[in-house]
Structure formats: C-alpha cells, structure tokens
Amino acid sequence: MENKIYGLLGRKLGHSWSGPIHAALGCEDYRLIELEPEDLKDFLARSDIGGLNVTIPYKRDVMQYCDVIDDAALAIGSVNTLARRADGKLYAWNTDAAGFLWMAKRAGIGFRGQKVVILGSGGASLTARAMCRAEGAREVIVVSRSGENNYDNLHRHADADLIVNTTPVGMYPRTGETPVDLTAFPACRGVLDVIYNPRRTALLLQAEALGIPCSDGLPMLVAQAKAAEEHFFHKSIPDSENERILAMLRREMTNLVLIGMPGCGKTTVGQELARLTGREAIDLDACIAEKAGCSIPEIFAREGEAAFRALEREVTAEVGKGSGKIILTGGGVVKDPRNYAPLRQNGRIYHLMRALDALPTDGRPLSQTTALSTLWEERKALYEAFRDTVIDNNGPAEDTAAAIWRDFCENSGA
C-alpha cells in the first residue's frame with residue numbers, strides 16, 4: 001500500500017462509514033476523497049491510484065476515465081470500484097452487485113417471481129434493477145420524480161411485492177423523511193433501503209412496525225467493500241469477514257438508550273456505562289436545560305409541561321441522529337410517540353425498572369404533583385412500546401451497567 005492512494009471518491013462524504021470497514025479489512029491508508037465534478041478527470045489520471053470506491057454522484061461519471069470496465073459492470077451501467085494495475089491502466093468493477101445480493105439474502109428476501117418497485121434512478125438503482133432481473137424478478141418498476149412511473153402515480157403499483165429504496169431520502173442528517181408510505185403497498189413482503197446512516201430510516205421503522213422483513217444498507221456496504229478489497233490487492237477474503245465486520249460496526253455505531261420512570265437510576269447507570277465502555281453519555285434533560293437557559297422545574301413553572309415536551313422532542317430528534325453514544329432520557333419521553341423514531345433509528349432501547357417505593361421525587365415536577373403509582377399506570381404501556389428489553393435496576397448501578405453491556409454486545413450486532 002506504500003505511496004498508493006486508497007479511498008472513497010465522492011462529492012460529500014461526511015456520513016461515510018467506509019473508512020472503518022476498510023481498516024478492518026486491513027487497508028489502514030483508506031481515506032475519504034471529496035472532489036467536485038471538474039476535478040475528476042485530473043484525479044483519475046494519477047499514476048499513484050491504488051484502489052478507489054466510488055459513491056454518489058460519480059458512479060457513472062467515472063466510467064469515461066476508465067481503461068478497462070468489467071463486462072458485468074458495463075451491463076449494469078455503473079461502477080463503484082476502481083484499481084490501477086501494474087500495466088498502468090485503470091480498471092473498473094461493480095461490487096455493489098455482490099453487496100446488494102448479500103444484503104437481500106441476509107434479510108431473507110428473494111426476488112424470483114416478485115414484482116419489485118425500485119425508488120430512484122441513479123447508480124444504485126441501476127445495480128438494484130440489474131440484480132433483481134438477474135435473480136428472476138417477475139417485474140421491475142423504477143420510480144423517479146419525473147419518469148413514467150413517479151410518486152404521483154404509485155397507485156399503479158399497489159401490488160408490489162418488494163420495495164427497494166435507492167434514493168437518499170431519509171439519510172443523515174435529514175433523518176425522519178421517507179420516500180413512500182408502505183401502507184400504499186398492501187402486498188409488500190420485503191423492504192430494502194441502501195441507506196446505512198441511520199441504521200433504521202423512517203421507511204424501515206415503518207416496515208418493522210408492519211412486520212415486513214427489511215434491511216438497511218450496511219450489509220451491502222460491508223460486502224461490496226470486501227469484494228472491492230479483493231480487486232485492490234488480488235487476494236481472496238473469506239465471506240465470514242462480512243459478518244465479523246458488520247457485527248463490529250453495529251456495536252460501535254449503535255446508541256445505548258435508557259428509558260424509565262423518573263428516579264429509576266438512568267443517570268447513575270449511564271455514568272457507570274460511560275466508565276465501562278468509554279462512550280459519551282448524553283443526558284437529554286441536561287441538554288434541554290441548557291437550551292432553555294434554566295432548570296427543568298423552572299421550565300415547568302414558567303411555561304408548563306407542553307413547552308417542556310416541545311423542547312424535549314426537539315432535543316431528542318437532534319441527539320438521536322448521533323451514533324455510538326449513551327442517551328439518557330427523561331422519565332416522560334415516552335409520552336410523545338414522535339420521540340420513538342429518533343431514539344430507535346440508531347439505538348437499542350433499555351427500560352430500567354426499579355421498585356416504585358425506591359424512586360426519589362426531589363426536583364421532578366410531575367413526580368411531586370402526581371402519585372408515582374398513577375404515573376406508572378399512565379406510562380407502563382408506553383415504556384413497553386418503546387423498549388427493546390427490560391433491565392432490573394434494584395441492585396448496584398455497576399451491576400445494572402454490566403448487564404446492559406452484556407446484552408448490548410450479544411444483540412446489537414444483529
């Protein structure tokens with residue numbers, strides 16, 4: 001790798017996780033390379049290119065500067081992997097194809113005999129439609145903003161079996177947006193979204209809620225990177241590396257989210273988790289107080305609960321976009337269902353349980369004005385709807401933190 005350039009070529013790459021993936025595959029020099037369109041030609045003429053991945057918006061643009069393009073990539077009409085060989089020529093492949101198929105297979109989604117609706121018409125769409133057809137799809141429909149099949153006439157395809165999103169709608173930092181409402185496709189039995197940040201886009205959260213098998217794009221990103229490295233360095237890499245790296249990334253990027261009754265120990269357990277894991281713990285109530293310029297009791301006293309909940313929703317939406325954090329919520333965060341998506345999109349949610357008679361009420365406005373038993377009855381079902389799992393916190397905080405971390409290491413990589 002000495003004196004050779006390895007990296008990801010694109011226009012805006014702040015959201016990319018390609019660096020850690022390639023580092024895990026052994027390419028420590030892999031970097032992000034942001035270029036404007038007018039700089040492509042000169043950059044791709046460099047003799048010191050070792051290997052490059054290509055992303056939005058250049059998967060088709062770079063083809064004119066390649067000397068040799070793999071037949072399969074030519075058939076697809078886009079490339080995402082480049083390498084300069086010893087003969088000085090720039091070679092190109094489409095490893096997204098292998099990644100797309102592994103993502104679908106891992107989610108238990110097959111294409112044979114299915115009607116597939118693909119959202120978007122860019123480079124990733126070209127790969128998706130080619131692979132769907134190669135795998136025996138009965139019909140492949142491409143939906144774009146201004147094409148024959150567009151977002152104004154989706155009703156034509158209400159019988160779709162599978163939905164594939166290849167658009168950037170819902171991608172960080174504009175999380176929470178979705179290209180379509182899945183209830184418009186009552187026959188849908190599978191959803192694939194090539195976006196990998198956030199882990200669960202609004203589209204995938206809806207698929208989960210509807211019980212539809214689905215996958216984000218991180219498995220695709222990992223598998224295509226493994227295939228790219230094989231081209232970069234003329235070596236075979238075991239398929240088992242895909243699962244190893246995917247599990248590693250899931251653990252590193254997934255947030256630990258703590259919910260529970262006021263006074264159940266979220267802050268104390270969160271501090272223990274931060275000590276145990278080295279992660280940053282973010283207290284949503286502290287963020288709200290900082291944003292408001294006064295304490296939580298003061299917000300309640302001056303403006304009431306509605307104003308507090310509005311601030312809470314705003315802060316939750318912003319903090320939930322992050323990755324690899326510990327998020328400590330207020331006891332009433334579950335009262336607004338709109339807080340679920342920001343917490344769930346990148347997180348595994350832990351419900352801390354502590355005996356009601358052990359819950360303190362000092363500094364907690366609602367706990368002081370409403371019986372804890374009443375609060376619990378009001379919120380019990382809400383906590384159940386938000387949580388991934390329950391953790392008992394009637395013992396030492398360090399034991400609770402250790403139990404959470406064990407569960408997280410076992411389950412966050414799935």
Side-chain angles (χ1 to χ4, degrees), residues 8-10 52-66 68-83 90-150 157 160-169 179-180 185 188-196 203 213-231 239 242:
L8 176 66
L9 178 61
L52 300 171
N53 287 119
V54 184
T55 190
I56 297 171
Y58 298 138
K59 291 186 179 185
R60 285 180 283 187
D61 295 349
V62 299
M63 295 176 74
Q64 62 187 304
Y65 307 116
C66 297
V68 181
I69 300 176
D70 175 68
D71 288 343
L74 278 174
I76 291 170
S78 72
V79 301
N80 76 306
T81 298
L82 311 177
L90 191 63
Y91 288 71
W93 302 265
N94 188 313
T95 60
D96 276 339
F100 181 80
L101 292 180
W102 191 67
M103 167 181 64
K105 180 180 179 181
R106 193 173 183 278
I109 294 173
F111 302 101
R112 185 162 302 280
Q114 306 297 296
K115 177 174 180 175
V116 185
V117 167
I118 298 174
L119 309 175
S121 56
S125 174
L126 291 173
T127 300
R129 70 185 80 165
M131 292 302 96
C132 290
R133 288 172 179 143
E135 292 294 302
R138 170 172 53 87
E139 186 177 4
V140 177
I141 302 296
V142 176
V143 174
S144 61
R145 283 173 292 186
S146 56
E148 175 188 354
N149 296 294
N150 55 66
H157 307 295
D161 299 298
L162 305 174
I163 304 295
V164 179
N165 180 42
T166 68
T167 78
V169 177
V180 296
F185 306 96
C188 181
R189 65 189 71 179
V191 178
L192 299 172
D193 195 332
V194 302
I195 292 172
Y196 56 87
L203 182 70
C214 60
S215 177
D216 67 310
L218 191 57
M220 176 177 174
L221 183 70
V222 170
Q224 71 77 27
K226 196 262 297 185
E229 290 265 332
E230 292 177 323
H231 289 301
D239 288 342
N242 287 337

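This one's a predicted model, so the numbers in the text were calculated from it and none came from an experiment.
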How far does [atom1] of [X] sit from [atom2] of [Y], to the nearest 0.5 angstrom?
| X | Y | atom1 | atom2 | result |
| --- | --- | --- | --- | --- |
| Asp193 | Leu203 | CG | CG | 5.5 Å |
| Asn150 | Leu119 | CG | CG | 12.0 Å |
| Leu9 | Asn53 | CG | CG | 9.5 Å |
| Ile195 | Thr167 | CD1 | OG1 | 5.5 Å |
| Leu101 | Gln224 | CG | CD | 13.0 Å |
| Leu90 | Tyr65 | CG | OH | 12.0 Å |

Asp239 and Lys226: CA distance, side-chain angles, deciding distance, side chain to side chain contact (heavy atoms under 4.5 Å, CB included) verdict: CA-CA 8 Å; Asp239 288 342; Lys226 196 262 297 185; 2.7 Å; yes
Minimum heavy-atom separation for [X] and [Y], please, with both atom names.
| X | Y | result |
| --- | --- | --- |
| Val79 | Leu82 | CG2-CD2, 4.1 Å |
| Ala73 | Asn94 | CB-N, 3.7 Å |
| Val169 | Pro179 | CG1-N, 3.6 Å |
| Thr95 | Ala228 | CG2-N, 3.8 Å |
| Ile109 | Pro213 | CD1-O, 3.8 Å |
| Ala92 | Cys66 | CB-SG, 3.7 Å |

Hey, can you pull the donor-acceptor pairs under 3.5 Å for the side chains in residues 134-148, sequence neighbours left out?
from, atom 1, to, atom 2, distance (Å)
Arg138, NE, Gly113, O, 3.2
Arg138, NH2, Asp161, OD2, 3.1
Ser144, OG, Gly147, N, 3.0

Derivation of the side chain to side chain contact (heavy atoms under 4.5 Å, CB included) call for Val116 and Arg129: CA-CA 9 Å; Val116 185; Arg129 70 185 80 165; over 6 Å; no
Partners passing ring-ring contact (aromatic ring centres under 6.0 Å, His included) against His157 (at least two apart in sequence or in another chain):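 Applying ring-ring contact (aromatic ring centres under 6.0 Å, His included) to His157 gives none.
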Arg60 vs Leu126, side chain to side chain contact (heavy atoms under 4.5 Å, CB included): CA-CA, chis, key distance, verdict: CA-CA 10 Å; Arg60 285 180 283 187; Leu126 291 173; 3.5 Å; yes
Steps toward side chain to side chain contact (heavy atoms under 4.5 Å, CB included) verdict (Lys105, Ser215): CA-CA 10 Å; Lys105 180 180 179 181; Ser215 177; over 6 Å; no
